[in-house]
Chemist: 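Okay, handing you the structure first.
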Amino acid sequence: MMDINLYDFEFLNQEIPWVMKLNIVFIIFFLTCAVCFFVAIIWIRIYKLYRNEKKRQQKLLLIDFLNSFLFDEDFDKELEIATFKKEHLRTSLEIKVTIKEILHFHENLKGESARELEYLFNKLDLIDFTLKDLNKGSWFTTARAINALSELSIKVPINKIDTYLNVSRNEVRQQSQLYFLKLSDNNPLQFLNKTVIPLTTWQQIYIENALKNFYKGEAPDFSQWLHHDLLSVVEFSIRMIARYNQFEHIDKLLPFLEHENDIIKCEAIRSLTLLEYQELIPLIIPDFNSKPRIIKLEILDAIKEQGSYQDLQEIGEQILPGDWEFRIKYLNIEQGFAPDKKDQIYSQFVLEKKLGI
Amino acid sequence: MGGAFNQFTEIASWLFLIYGSIISCGYLFTAIFSLIEIRDYKRRNNFEDDIALLQSLNLPAISILAPAFNEGLNIVENVRSLLTINYPSFEIVIINDGSSDNSMQLLIDAYELEKRDILFHDFIPSKKIKGIYKSKNRAFRSLTLIDKENGGKADALNTGINICQNSVICCIDVDCILENDAMLKLIKPFLNNGNKVIASGGVIRVANSCIIEDGRLIEVKLPKSFVARVQVLEYFRAFLMGRMAWSRIDGLLLISGAFGMFDKQTVIEAGGYNTETVGEDMELLVRMRRMMQERNVPYTVGFVPDPLCWTEVPQTWKILQRQRNRWTRGTAETLWIHKKMMFNPKYKILGMLSTPFWFFFEWLAPLIEFTGVLFFLFLLVIGQINWQVFLTFFLAVYSFAILFSVTALFFEEYSFQQYKKPSYILRLIGTAILEPLIYHPVIMWSAVMGNLDLLRGRKSWGVMTRAGISKPKKKP
């Protein structure tokens, strides 16, 4: 056997085939990488264990501290805050866990206790840490900071946040939208006026959720965004008008039945149906057959909700025999209007299918 | 003659080396892209908690389609588990694909089902439906059972698509275990994207030996059997390294048949699942993507790195071989059906990167490897082996295989760290060391046999017996 010492790389100078030299280099490289990854795995495991233990300890400490702070009348707040700050807010991890735990408490408390927590957040200088995070520049620290500020209703100059309303990262945009919404006293959706990037459906759900659960003021007049440049904002506003029963805006919704965008048309039909606008059906039935698929399905839903059997039959005449999707939906609705004819409708449908009509 | 022979072996060695180097580079790039994607995902979820949205009425309703064939042993419990999914609006459609056991009767009895006259149309052609059942009990109103003639998994799913009510469908294996927020996480890409999303998939994990109670995962355990344990590593490699990277560059060609969500209308327009291939999950996604590209409609395919679905993997060599044989046939059939896409710039990433990668490094890899083995045997027979070169080459390949698995394990530790016990890490490292010697040759052989079976015209799935997922012992 050839005497090869792999460690001093002398073999590279020896008279062995190049392919062997290459293989040996690969072996050393791959095995070294594998060992490095193995060490990294062990390191991550130990690090995560250590970190989780630290987190657990800090959490336990905080639970005690926060409970005493909030509910113990003999608790010397100023002194204890100063001690806690000095002894338990030394590392970034301790600060992060503290912020998270305060947010967690805040989420579950209301009124005076929530205000107390906001005061504590301020006294512990956690605002400074959050603002540093905000200004760090990386999207995830920015989003995290805005999230903390909005959760604790901490007001910062508007220009610090509204620059993030139109950034490319969905997450940062979403957090800044929620910030304005949660901190607003009277016009929670004012940020929409500055929004130039379309809202995703997910963001719309979040905004609606936050409006319902966090905003305490009077419901905004959603009609003010009906002519927004972004179709997603228009779609959202139309939907919200119905969700918040703003019947006074029915007239403003009517032109959207003729909008060039099908999604907007659908939303208008759906909202007017929810608002139980009685004159809707005669407006949408004519020319049913020439309408796009999603509009047809929406019209059928509208008839099911607030139309009559006669309205349905008017549509039935326009549905072509081979349009199975509409035919099935139509017949399902018909079965609802005429329960006594249910079996007859089914048998007729089966026959139609058999004959391929 | 001797000179020509030496030249031939030299050229062959070069070709094997170049191929090996390219494949290694491919893996290196997927590892880098995956790491970036995982890091971003972790950061995204650091401050967001979407679980509150489960109360929202604005989330779209989902139809969950679960084909079942001779699942009588666990079908009632499996359906019960599906009915407890945490999502505001969904229907469960179980498609009994002509089972010869008592699954139908068990379901009818357990869920008080009765035959109903339901209007439907075969938007996608499928085998004859014998009956559609709904429950008399309001508690199970979201359940629909379809009894149909046997036609295979693809046909059963097509039937489900024809009958289900909602515009988003989730195709799953009836026995898989879903995480509590699996549906919410999987629907998110559909709702949080500027482009139309046609499908989204999640990470599948190995459920063998895990503790499952009432259809919920209680404790993650490492499988006891070596075969299943290697598949834990394989799934890390496939999902955490492979699909994450492909998702990052929007080049994903496969969403696992065990758990994937689709836009129903796009599926119907693409023609539904292909019943002529055994790789129906991959073929459907490729066809949907191809259709969208040809229509020039902006779209995307979502992928969620969270472990959302836990499934039982083969525990015996025989069943494993059948599964891999089928996967090979499925890959080959899909690539053949869509050969037009290969190196076709019209299909962008899919044409220039994804399909060539699947062709050269997924389908062709075991064949080239097998050719290498034959070449080695040939040289051995004629006494032309240079043992030193062979040994260094073998060790280089072997060390790369270990590195690849250890990297995947690192990704798991960095991201989700599902296997909490420290001893599991050591056992997985041990498995990674043994895998190239014991497991990999079997996989290679199965793939070779899969190609042979394909040439012979074999179309069957093969029987996939499941051992059943662990359940905790009942307290006395």
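Chain A is the first sequence line, chain B the second, and so forth, proteins listed ahead of strands; every chain is numbered from 1. Just so it is clear, the values below take in all heavy atoms, side chains as well, and ignore hydrogens, waters and symmetry mates.
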Chemist: Is it the backbone or the side chain of A:Phe38 that comes under 4.5 Å from a heavy atom of chain B, or both, or neither?
Modeler: both
Chemist: Counting only non-hydrogen atoms closer than 4.5 Å, does B:Leu426 touch chain A with its backbone (N, CA, C, O), its side chain (CB onward), both, or neither?
Modeler: side chain
Chemist: For the residue pair A:Phe140 and B:Arg39, establish whether any side-chain heavy-atom pair is separated by less than 4.5 Å.
Modeler: no
Chemist: Is B:Ile425 close to chain A through its backbone or its side chain, or both, or neither, when contacts mean heavy atoms under 4.5 Å?
Modeler: side chain
Chemist: Is it the case that more than 12 heavy atoms not belonging to B:Phe29 sit under 6.0 Å from its CZ atom?
Modeler: no
Chemist: Chain A heavy atoms under 4.5 Å from B:Trp14: which part of the residue, side chain, backbone, both or neither?
Modeler: side chain
Chemist: At a heavy-atom separation under 4.5 Å, does A:Lys100 approach chain B through its side chain, its backbone, both, or neither?
Modeler: side chain
Chemist: For A:Arg293, is it the side chain, the backbone, both, or neither that has a heavy atom closer than 4.5 Å to a heavy atom of chain B?
Modeler: side chain
Chemist: Go through the atoms of A:Lys48 and report whether side chain, backbone, both or neither lie under 4.5 Å from a heavy atom of chain B.
Modeler: side chain
Chemist: Report which part of A:Asn332 has an atom under 4.5 Å of a heavy atom belonging to chain B: side chain, backbone, both, or neither.
Modeler: both
Chemist: Could you check whether A:Gln204 and B:Asn58, counting side-chain N and O atoms only, form a donor-acceptor pair closer than 3.5 Å?
Modeler: no
Chemist: Could you report the tightest heavy-atom contact between B:Leu403 and A:Ala34, atom names first, then the distance?
Modeler: CD1-N, 3.4 Å
Chemist: Given a strict heavy-atom distance threshold of 4.5 Å, which part of A:Asn213 is in contact with chain B: side chain, backbone, both, or neither?
Modeler: neither
Chemist: Need one label for B:Ile429: side chain, backbone, both or neither, based on atoms under 4.5 Å from any heavy atom in chain A.
Modeler: side chain
Chemist: Taking the side chain as everything from C-beta on, heavy atoms only, tell me whether A:Glu325 gets closer than 4.5 Å to B:His121.
Modeler: no
Chemist: Are a donor atom and an acceptor atom from the side chains of A:Thr200 and B:Asn192 found within less than 3.5 Å of each other?
Modeler: yes
Chemist: Looking only at heavy atoms and a cut-off of under 4.5 Å, which of B:Asn193, B:Val406, B:Asn386, B:Leu119 has the most pairs with chain A?
Modeler: B:Leu119
Chemist: Is any side-chain heavy atom of A:Trp139 less than 4.5 Å from a side-chain heavy atom of B:Asp40?
Modeler: yes
Chemist: Side-chain contact test, heavy atoms from C-beta onward, threshold under 4.5 Å: evaluate it for A:Ile44 versus B:Phe410 and give yes or no.
Modeler: yes
Chemist: Answer with side chain, backbone, both or neither: which region of A:Trp43 has an atom nearer than 4.5 Å to a non-hydrogen atom of chain B?
Modeler: neither
Chemist: Looking at side-chain heavy atoms only, is the closest gap between A:Trp324 and B:Asp122 below 4.5 Å?
Modeler: no
Chemist: Does any non-hydrogen side-chain atom of B:Pro422 lie less than 4.5 Å from one of A:Arg45?
Modeler: yes
